[in-house]
Amino acid sequence: MTGRRGLDGQRFEQRVRAVPAAVGLLRDLTEFHLSMWGMAAHTLDLVLIVSELATNAVNAAPGAQIDLRLWTEEEGVVGIEVEDPASDLPALRPAAPEEIGGRGLEIVDLLVEEWGTRQEPMGGKVVWARYRACKDG
């Protein structure tokens with residue numbers, strides 16, 4: 001675990017094994033770091049975003065290593081990345097009303113300024129998001 005300051009502000013990284021309990025750990029660590037960074041007012045949104053992205057990574061690569069990266073950019077912007085070794089890119093899709101799951105990226109899409117995916121050169125993928133805590137106006 002690292003909590004070092006990045007070039008643009010605060011930075012936190014954590015590698016965990018992709019098991020269901022890891023999602024709760026990443027939520028707790030996100031909440032802790034947001035509090036330390038003075039962003040506690042945005043904890044609910046950001047913890048939900050991390051939870052959804054981490055859950056997708058756990059489901060895509062059970063038992064593998066996954067990485068969470070959080071950092072602050074310009075004032076009020078938080079960057080989030082979750083990396084896993086699976087090559088399949090997630091896609092935003094509407095979930096049927098009777099489906100229990102499948103709404104994670106819809107939730108993320110509603111909460112963030114932008115999000116996307118990228119495949120890593122050595123394999124795997126990153127799902128990233130930018131959350132703007134302070135809106136103009």
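These numbers come from a predicted model, not from an experiment. Atom set for the values below is all heavy atoms of this structure, side chains included, hydrogens, waters and symmetry mates excluded.
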For this session: Using the salt bridge (Lys or Arg N to Asp or Glu O under 4.0 Å) rule, take Arg15 and Glu13 through it: C-alpha gap first, then chi angles, then the decisive distance, then the call.
Result: CA-CA 7 Å; Arg15 175 170 284 174; Glu13 300 176 12; over 6 Å; no
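Arg17 is linked by a salt bridge (charged side-chain N to carboxylate O under 4.0 Å, His left out) to nothing, counting only residues two or more places apart in sequence or in another chain. Remark: Asp88 pairs with no residue by the side chain to side chain contact (heavy atoms under 4.5 Å, CB included) rule, at least two apart or across chains.
The OG1 atom of Thr117 lies 9.0 Å from the NZ atom of Lys125; values are rounded to the nearest 0.5 Å. Here the CH2-CD distance, from Trp128 to Glu81, works out to 9.0 Å after rounding to the nearest 0.5 Å. Taking OG1 of Thr43 as the start and CZ of Phe32 as the end, the distance is 12.0 Å to the nearest 0.5 Å. How far CG of Asp45 is from CD1 of Ile107: 11.0 Å, rounded to the nearest 0.5 Å.
Glu73 and Arg130 are joined by a salt bridge, as a carboxylate oxygen and a charged side-chain nitrogen come within less than 4.0 angstrom of each other.
Nearest heavy-atom pair across Val127 and Trp115 is CG1-CE3, 4.3 Å. Leu105 and Pro90 make their closest contact through CD1-CB, 3.6 Å (heavy atoms, listed as atom of the first residue, atom of the second, distance).
Listed for the Thr72 side chain is no donor-acceptor partner under 3.5 Å among the backbone atoms of Val78.
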Scan the side chains in residues 47-64 for donor-acceptor partners under 3.5 Å anywhere in the protein, sequence neighbours excluded, and list what turns up.
{"residue": "Ser51", "atom": "OG", "partner": "Arg27", "partner atom": "NH1", "Å": "3.1"}
{"residue": "Thr55", "atom": "OG1", "partner": "Ser51", "partner atom": "O", "Å": "2.7"}
{"residue": "Asn59", "atom": "ND2", "partner": "Thr55", "partner atom": "O", "Å": "3.3"}

